Participant: 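Okay, handing you the structure first.
Every number for a ligand or one of its atoms is a count from 1 in the order of the listing. Quick caveat: nothing in here was measured; it's all calculated off a predicted structure. Counting begins at 1 with the first residue of the sequence.
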Amino acid sequence: MKSVILAAAVTTLLGQVSNAAVATLGVTEIYNPPVQEKYTSGAVHMSIMNAKESTWARQKAAGAFNSSAYTPVISFTPCVNGKAGEYRCNNIDLYSFTPHELLGSQTGEGSSSWGWTSPDGREIIIVAQADGAAFAEVNPDGSVTYLGRLPKQSSNSIWREIRVYKSYAVIGSEASNHGIQIFDLRQLLTVDPAQPKTFALTDAALFKGLPTGRTHNVVVNEEKEYAVSVGASPRTDACKSGLIFIDLKDPANPTSPGCAPQDGYVHDAQCIVYRGPDAKYNGRDICYGYNEDTLTIYDVTDKTNTSVISRTTYTGASYTHQGWVLDPLNQEYLLLDDEYDEYDKVGPARDGYPVTYIWDIKSLEQPVVSGYYKSGQKSIDHNQYIHEGKAYQSNYAAGLRVLDVSSIPSDPTGNGVKEIGFFDVYPEDDASGGLIDFVGTWSSYSAFKSGYLAINTIERGLFIVKLQN
Ligand SMILES: *[C@@H]1O[C@H](CO)[C@@H](O)[C@H](O)[C@H]1NC(C)=O
Ligand SMILES: *[C@@H]1O[C@H](CO)[C@@H](O)[C@H](O)[C@H]1NC(C)=O
């Protein structure tokens, strides 16, 4: 029953191809759409960043970044009757909450996060904050021990993104003259927890090859031993804020073999070796780019001569933000989130309930929207990562939402996708039924063997939670 083709492709008068059956859901894909000036100029992205800045300025004025206003949770707090302490929840227990201040931050503003498991099984979470990256150990009982931090390279910026490459944290920021820090996490293994260590900037290697030192995000392909800067300012640079490759074969001396400027600004991407049904691309090095108004798929096997395989948008596209392949070992589907459709009130998310778009990518040249999942909790969707059949979605004010997405290969419409748990990190909007704003959680990390889920939040700090079943 796999590979259910929902509809024959039909050619419209414009010569573009769309999928007839999915049109009944109100979403169709559009191949090679015209380039839109409002995206290529950066106007749309600028308006989103401005909306966020104004939210965060308001939050700051209201004291939301004052870490000492938030009570740490240091013992197991089960989710009972929809609450774990002050936090709404379902099927997810709280093990600890650590405010940003207790993770060494002076600004109290958090963003991304990623995890690392040491060779001897210690689980380390790296928490992005406006003033640096905090390192904390997730203990077997779900409590956390702060081990230290790598400060910002230049000025503060809430936009700090982290990925892990082998034993290294790769850290980029929107701060000018920041560059990309490459920190050997094995340095943490000898830290005495009684004396958390603030590392020197010189304890990390630095990739200095960005035009202004700013990058919106970073991506890694561990198998192919490289990282990627995406969304590096300015858009007028030769690399057009596209994919800038960073060779990490020698992590102490990162160099760039080239970039992929073809489709301009890349907001986020997943770069992995292609394993899937499109035989033509088997074994190729592929990047799935989330490019503001399109899903753009690249062949980046030769970093000096990359190509765009396809560039596809969809009705209701507002800001194509991020996504993840359902199964990297059999790349038939991916999930895509649009960050601004709820805010802009367009497409199926116009009522303020976030939409996760399901793409059938069995053909990399003609990916198809096969369906979507609509959350039952009003909010904006942000970063989502898929691990072993579950999608972990950081939906800002609605908190972490865990979806069972294992039904998608047999039912690509998304009708079988179910939310199996949530943990709402932002109680302030509970009484109002949900908020369309850039508050709450930015990202989560879900790949620890212990099953602990780490949630980083903009205002509060780090939550360690776990699914009950
Ligand atoms: C931060 O919050 C604490 C606890 O609520 C309060 O005592 C303190 O005055 C606040 N600090 C600022 C700068 O608002
Ligand atoms: C670049 O790749 C294209 C195929 O995508 C190929 O036709 C061309 O010869 C390559 N150019 C170089 C200089 O390798």
Side-chain angles (χ1 to χ4, degrees), residues 31-32 35 53-74 77 85-87 94 96-110 127 129-132 134 146 156 158 221 224 226 228 238-240 242-245 247 255-264 266 269 271-276 278-289 291 294-312 331 361 363-367 425-431 439-440 456-463:
Y31 299 114
N32 287 317
V35 168
E53 295 277 22
S54 82
T55 288
W56 298 329
R58 195 179 65 239
Q59 288 281 80
K60 189 171 189 140
F65 297 121
N66 174 5
S67 269
S68 43
Y70 302 120
T71 313
V73 175
I74 54 169
T77 308
E86 64 178 303
Y87 302 103
L94 174 62
S96 63
F97 161 64
T98 313
H100 284 302
E101 189 176 45
L102 297 181
L103 296 168
S105 176
Q106 296 182 357
T107 56
E109 289 174 59
V127 178
Q129 300 159 334
D131 52 349
Y146 176 55
N156 291 343
I158 190 172
N221 181 336
K224 290 294 181 184
Y226 67 88
V228 194
C239 291
K240 304 278 184 214
L243 305 162
I244 299 178
F245 302 104
D247 188 325
T255 53
S256 180
C259 65
Q262 296 90 337
D263 190 35
V266 179
C271 298
I272 44 178
V273 174
Y274 184 73
R275 296 179 172 91
D278 202 339
K280 186 173 163 189
Y281 295 98
N282 239 318
R284 304 293 292 178
D285 189 355
I286 298 295
C287 291
Y288 299 96
N291 288 15
T294 58
L295 167 66
T296 300
I297 305 178
Y298 301 79
D299 185 331
V300 303
T301 308
D302 177 354
K303 303 290 178 290
T304 65
N305 184 23
T306 59
S307 58
V308 169
I309 297 171
S310 60
R311 204 180 135 262
T312 314
Q331 294 162 37
I361 51 167
S363 163
L364 294 182
E365 294 170 5
Q366 290 203 331
V425 296
Y426 195 76
E428 287 83 351
D429 71 340
D430 288 358
V439 298
N456 191 12
T457 75
I458 296 169
E459 302 83 9
R460 279 177 163 73
L462 172 68
F463 291 83

Participant: Considering only heavy atoms of Ser68, which atoms of ligand 1 have at least one such atom less than 4.0 Å away?
Facilitator: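 Near Ser68, meaning under 4.0 Å from one of its heavy atoms, ligand 1 has 1 (C), 2 (O), 3 (C), 4 (C).
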
Participant: Just to check, does Gly63 reach to within less than 4.0 Å of ligand 1 when the distance is taken from its heavy atoms?
Facilitator: no

Participant: Between the side chains of Thr107 and Gln129, is a donor N or O closer than 3.5 angstrom to an acceptor N or O?
Facilitator: no

Participant: Just checking Gln106: does its CD atom have more than 12 heavy atoms from other residues, nucleotides or ligands closer to it than 6.0 angstrom?
Facilitator: no

Participant: How close do Asp430 and Tyr426 get, counting heavy atoms only, and between which atoms?
Facilitator: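 Here Asp430 and Tyr426 meet closest at OD1-O, 3.5 Å.
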
Participant: Quick test of your reading of the structure: of Thr301, Val308, Asn305, whose heavy atom lies closest to atom 13 (C) of ligand 2?
Facilitator: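 Comparing heavy atoms across Thr301, Val308, Asn305, the nearest one to atom 13 (C) of ligand 2 lies in Asn305.
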
Participant: Any protein heavy atom sitting closer than 4.0 Å to atom 7 (O) of ligand 2?
Facilitator: no

Participant: How far is atom 14 (O) of ligand 1 from the closest protein heavy atom, and which atom is that?
Facilitator: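 Atom 14 (O) of ligand 1 sits closest to the protein heavy atom Asn66 ND2, 3.5 Å.
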
Participant: With rounding to the nearest 0.5 Å, note down the distance linking CD1 in Ile74 to CZ in Phe97.
Facilitator: 12.5 Å

Participant: Whether Asp285 and Lys224 form a salt bridge (side-chain N of Lys/Arg under 4.0 Å from carboxylate O of Asp/Glu) is what I want to check.
Facilitator: no

Participant: Is at least one protein non-hydrogen atom found at under 4.0 angstrom from atom 4 (C) of ligand 2?
Facilitator: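 Under the 4.0 Å cut-off, atom 4 (C) of ligand 2 has no protein heavy-atom neighbours at all.
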
Participant: Starting from the C-alpha separation in whole Å, work towards a yes-or-no answer on side-chain contact (heavy atoms from CB on, under 4.5 Å) for Glu459 and Phe65.
Facilitator: CA-CA 5 Å; Glu459 302 83 9; Phe65 297 121; 4.0 Å; yes

Participant: Hey, is atom 11 (N) of ligand 1 under 4.0 Å from any protein heavy atom?
Facilitator: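 Yes, at least one protein heavy atom sits under 4.0 Å from atom 11 (N) of ligand 1.
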
